[in-house]
A.B. asks: 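Before we start, here is the structure in question, set down as structure tokens.
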Amino acid sequence: MKRNTHEQVAPTVYLLDDDHSIRESLSDLFLSVGIPARSFGSSKEFLEGADIAAPGCILLDVRLPGVSGLDFYRELNRIGSKLPVIFLTGYGDIPMGIQAMKDGAVDFLTKPFRDQDVLDAVTVALARDAAAREAVAATQDVRRLLESLTPREREVLTAVNKGLMNKQIAYQLGISEVTVKLHRGSVMRKMQVRTLADLLKKMHQITGT
């Protein structure tokens, strides 16, 4: 399974179903609306040919040769795949589809499904994937900016993030309040923000608090 770094790559819909007619039909559907798609007949084929690092999503049948789609989905999560998954289920597999949703799948579609239902689910999945990638990129940018801070500036930033006032920070660090203000100004410039609210928002991106 490839895991290359991608920039400006069009999202791909991966079709994983052992039914050739379904793969062919869905491939034609996505081709008709300009969405790149690749199809695989087994989990082994997918692992050998898909790229989980690239933007996209997966349409995954719950019944695959040798392994259930649900088990394979869990395996994908275990190896680090972040690609959103839409399950394709037969009528008797609805309980598995519900379990898949509980495990984090975007949706499950019961066969036979309407073309529009597939396109709607894929639209949601691709939007979720794009949003997740943007969030990761934003976090990486913040971490890069943090690396530009001096040790003292990081101490001041940590204190500011805790809600401490300049006077409290000065007392905690054993420096003057004027020096704290200078460090805060430097932190704001290096973190590329103009307001305290923007600074705290960036910190939230990497701390979640």
A.B. asks: Nearest heavy-atom pair of Y14 and D51: which atoms, and what distance?
C.D. replies: OH-N, 3.2 Å

A.B. asks: Considering all heavy atoms of both residues, which atom of D17 and which atom of L64 are nearest to each other, and what is their separation?
C.D. replies: CA-CD2, 4.3 Å

A.B. asks: Whether the side chain of T158 engages the backbone of R154 through a donor-acceptor N/O pair (distance < 3.5 Å, no angle test) should be reported.
C.D. replies: yes

A.B. asks: So, taking the atom named CG in D19 and the one named CG in D61, what distance separates them when rounded to the nearest 0.5 Å?
C.D. replies: 8.0 Å

A.B. asks: Atom NE2 of H204 and atom NZ of K201: how far apart are they, to the nearest 0.5 Å?
C.D. replies: 9.5 Å

A.B. asks: May I ask you to check whether T195 and D198 show a side-chain donor-acceptor distance below 3.5 Å?
C.D. replies: yes

A.B. asks: Can you name the nearest heavy-atom pair linking A105 to F87, along with the distance?
C.D. replies: CB-CD1, 3.8 Å

A.B. asks: Should the heavy atoms of other residues, nucleotides or ligands under 6.0 Å from CE of M101 be counted, would the total exceed 12?
C.D. replies: yes

A.B. asks: Walk me through whether R63 and D18 qualify under side-chain contact (heavy atoms from CB on, under 4.5 Å).
C.D. replies: CA-CA 8 Å; R63 296 195 180 278; D18 63 342; over 6 Å; no

A.B. asks: Do the charged groups of E75 and R78 touch, with an N to O distance under 4.0 Å?
C.D. replies: yes

A.B. asks: Just by distance, with hydrogens left out, do S68 and D71 show a side-chain donor and acceptor under 3.5 Å apart?
C.D. replies: yes

A.B. asks: Ignoring hydrogens and angles, tell me if any N or O in the side chain of E153 forms a donor-acceptor pair with the backbone of T150 under 3.5 Å.
C.D. replies: yes

A.B. asks: Any link between F40 and V67 through a network of hydrophobic side chains (Ile, Leu, Val, Met, Phe, Trp, Tyr) touching at under 4.5 Å?
C.D. replies: yes

A.B. asks: Looking at D28 and R23, does any basic side-chain N land under 4.0 Å from a carboxylate oxygen?
C.D. replies: no

A.B. asks: List the residues meeting ring-ring contact (aromatic ring centres under 6.0 Å, His included) with F108, not counting sequence neighbours, and say none if there are none.
C.D. replies: none

A.B. asks: Run the salt-bridge test on E48 and K44 with the 4.0 Å N-O cut-off and return the result as yes or no.
C.D. replies: yes

A.B. asks: Report yes or no: does T139 contribute a side-chain atom to a donor-acceptor pair with the main-chain N or O of A135 at less than 3.5 Å?
C.D. replies: yes

A.B. asks: In terms of side-chain geometry, is the basic nitrogen of K82 or D129 positioned less than 4.0 Å from the acidic oxygen of its partner?
C.D. replies: no

A.B. asks: Quick one: are K162 and Q172 in side-chain contact, heavy atoms under 4.5 Å?
C.D. replies: no

A.B. asks: List, by chain and then residue number, the residues other than L29 in its hydrophobic cluster (Ile/Leu/Val/Met/Phe/Trp/Tyr, side-chain heavy atoms under 4.5 Å); write none if there are no others.
C.D. replies: V13, L15, I22, L26, F30, V33, I35, L59, I86, L88, V106, L109, F113, V118, L119, V122, V124, L126

A.B. asks: Other hydrophobic cluster members with L31, side-chain heavy atoms of Ile/Leu/Val/Met/Phe/Trp/Tyr under 4.5 Å, chained?
C.D. replies: none

A.B. asks: Considering all heavy atoms of both residues, which atom of L83 and which atom of G56 are nearest to each other, and what is their separation?
C.D. replies: CD2-O, 3.4 Å

A.B. asks: In this structure, would Y171 and M165 fall into the same cluster of hydrophobic residues linked by side-chain contacts under 4.5 Å?
C.D. replies: no

